[in-house]
There are 2 protein chains.
Amino acid sequence: MSPRARKSERRTDALSRERIIDAAVELLDAAGEGGLTFRVLTERLATGPGAIYWHVANKGELLDAATEAVVASALAIGPVEPPASPQDGIRAVALGLFDAIDEHPWLAAQLATQLSRSPSRSVTPRILESIGRQVSALGVPVSSQFTAASALMHYILGAAGQNAVNGRAAGPDVDRGEFLDAASKAWKELDPDDYPFTRAVADQMRAHDDRAEFLAGIALILAGITTVHPPTA
Amino acid sequence: MSPRARKSERRTDALSRERIIDAAVELLDAAGEGGLTFRVLTERLATGPGAIYWHVANKGELLDAATEAVVASALAIGPVEPPASPQDGIRAVALGLFDAIDEHPWLAAQLATQLSRSPSRSVTPRILESIGRQVSALGVPVSSQFTAASALMHYILGAAGQNAVNGRAAGPDVDRGEFLDAASKAWKELDPDDYPFTRAVADQMRAHDDRAEFLAGIALILAGITTVHPPTA
DNA sequence: ACCTGAACACCGTTCAAGT
DNA sequence: ACCTGAACACCGTTCAAGT
């Protein structure tokens, strides 16, 4: 019963890097990047700023750590059991990231900007690895694997990022349907001479299903990969 | 010679929304998003903050305006003469944005985050229009044009954004070659069990040419589009 | 109509001091 | 080793006042 004897018990109220990161993710989820503040973080954790700086170098590192934690858990979901096909594997990875960004919209800016800010501790290798293994299994020649995997990764980050914006468009209180209606309407009111295409697809934009559209883009790239690099089976 | 008589002359020292935006772009180019401050902006323009707020609602609007200005000029370069083929047109648009983000790295985060923040005044339609026209010329059926154009746009934004990070990685004083060397080295030191793919492509990553790699991704997507939607010629 | 500049609330970060 | 909390420099924004 001495303090030393129950070393393995959790001191639930102790501050730790992990608890700080968890709280940071919560704040980011609740109010976006602007919602993560050392003031509210200290309040939430019932400490002073100095305590946080003991565990974390600065706000940038905290954001990186939060990003890494969320991405890691997003990519850990799929690979528990091997996919039926490389294509399925790629779709699983893609949807994992898509859903993560949908749940944590602040991830979009984070991934677009901080990615590989520093070579190590970056989240890029983790994503590239998950995609690359499937690309390799697809039979793409080694010399083209980096290109193919990168293309998929860039599409995923670009698309999911875009979607995060559509999701929480102008604050959490704006309905998604209303937002798409407004956007579609705005597109239709563009100058016919300058924007013939955009006006023409305004209806498709309003009617589209995010996930399906996202997967259709993946399918397009997969078709390109297998066309340029036909399986040698 | 009365003030009214030379109404058409430029008062070069007068403040205007345009001059503010120009100065903002300069500051962003010089020091990234952190470099754009109302303090240094007022100093540069020799005014007070109130003067700027007279022309611009807030910092967000200023960032949007800067983004719009840069994107507009980037997309205006290509379409002067019609491209030899739709594929060439798509490559021109893609490279225009790629180069713009390369020149103005802060654009990456801006495009990833602010894109279509508000339906109107957004820069999305401008990009989608430029791509969509070429997709339409490619013979893609109307019902799939939005999907194809979106896929291209998402890839372009994702890839160019990633590239912006690689370009100015850890500050302007870090050499690009050094950075790639360090990243490649770090990739090779990853755990062999967890990162077989990333380790295997570390050399390709270091050796790759950004523009060529970017265009190879475009080629992959174009191949996918023409495979899924073969021209009816 | 357009600009000035002091003032406000808030931010990330530091650091001497405690335990 | 870990935490406290006052303090610092800086930020975006406002607004009464000038012209």
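On a predicted model such as this, the values are computed, not experimentally measured, just so you know. In what follows, chains carry the letters A, B, and so on, assigned in the order in which the sequence lines appear, proteins first and then strands, with residues in each chain numbered from 1.
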Pairs satisfying side-chain hydrogen bond (donor to acceptor under 3.5 Å, both in side chains), at least one member in residues 147-156 of chain B, at least two apart: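 Counting only pairs at least two positions apart or across chains, the side-chain hydrogen bond (donor to acceptor under 3.5 Å, both in side chains) contacts touching residues 147-156 of chain B are E213(A)-T147(B).
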Give me, pair by pair, the N or O atoms of the protein and of nucleotides 17-19 of chain C that are less than 3.5 Å apart, along with how far apart they are.
none

Heavy-atom contacts under 4.0 Å between residues 44-54 of chain A and DNA chain C, which residues?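 The answer is P49(A), G50(A), Y53(A).
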Calculate, to the nearest 0.5 Å, the distance between atoms CG and CG belonging to L107(A) and L63(A) respectively.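 The CG atom of L63(A) is 10.5 Å from CG of L107(A), to the nearest 0.5 Å.
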Distance (rounded to the nearest 0.5 Å) between D64(B) CG and I21(B) CD1: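 Going from the CG atom of D64(B) to the CD1 atom of I21(B) covers 10.0 Å.
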Closest-nucleotide mapping onto DNA chain C: is R39(B) or S16(B) further toward the 5' terminus? I mean the 5' end.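 So the residue in question is S16(B).
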For residues 37-53 of chain A, which side-chain N or O atoms pair as donor and acceptor with protein atoms under 3.5 Å away, sequence neighbours left out?
unit_1 : atom_1 : unit_2 : atom_2 : d
T42(A) : OG1    : F38(A) : O      : 3.0
T42(A) : OG1    : R39(A) : O      : 2.6
R44(A) : NH1    : E26(A) : OE1    : 2.8

Between [X] ([atom1]) and [N] ([atom2]), how many Å, whole number?
X: E43(A); N: dG5(D); atom1: CD; atom2: P; answer: 13 Å
X: L15(B); N: dT4(C); atom1: CG; atom2: C1'; answer: 12 Å
X: F38(B); N: dT4(C); atom1: CZ; atom2: C1'; answer: 16 Å
X: L41(B); N: dC11(D); atom1: CG; atom2: C1'; answer: 13 Å
X: L63(B); N: dG12(D); atom1: CG; atom2: C1'; answer: 12 Å

Does the distance from a Lys or Arg side-chain N to an Asp or Glu carboxylate O, for [X] and [Y], drop under 4.0 Å?
X: D203(A); Y: R206(A); result: yes
X: R17(B); Y: E61(B); result: yes
X: R211(A); Y: D102(A); result: no

Any side-chain heavy-atom pair of D210(A) and F98(A) under 4.5 Å: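 Counting from C-beta outward, D210(A) and F98(A) do come under 4.5 Å.
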Kindly indicate whether the side chain of I20(A), heavy atoms from C-beta on, has any atom under 4.5 Å from the side chain of L62(A).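 Heavy-atom side-chain distance check passes, below 4.5 Å.
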How does DNA chain C look in dot-bracket notation if pairs are Watson-Crick or G-U with both distances under 3.5 Å, crossing ones as [ ], other-strand ones as |? ||.|||||...|||||.||
Please, which pairs that meet salt bridge (Lys or Arg N to Asp or Glu O under 4.0 Å) have at least one residue in residues 123-134 of chain A, sequence neighbours excluded?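 Listed once each, the pairs are E68(A)-R126(A), E129(A)-R133(A).
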Please answer whether the main-chain N or O of L215(A) pairs with a side-chain N or O of R91(A) as donor and acceptor at a distance below 3.5 Å.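 Side chain of R91(A) to backbone of L215(A), a donor-acceptor pair under 3.5 Å: no, none is there.
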Of the nucleotides dC11(D), dT13(C), dC3(D), which one has an atom closest to the side chain of H55(A)?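 Looking only at heavy atoms from C-beta outward on H55(A), the closest nucleotide is dC3(D).
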Check every atom of dC11(C), dT13(D), dC3(C) against the side chain of N58(B) and return the nucleotide holding the closest atom.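 Selected nucleotide (nearest to the side chain): dT13(D).
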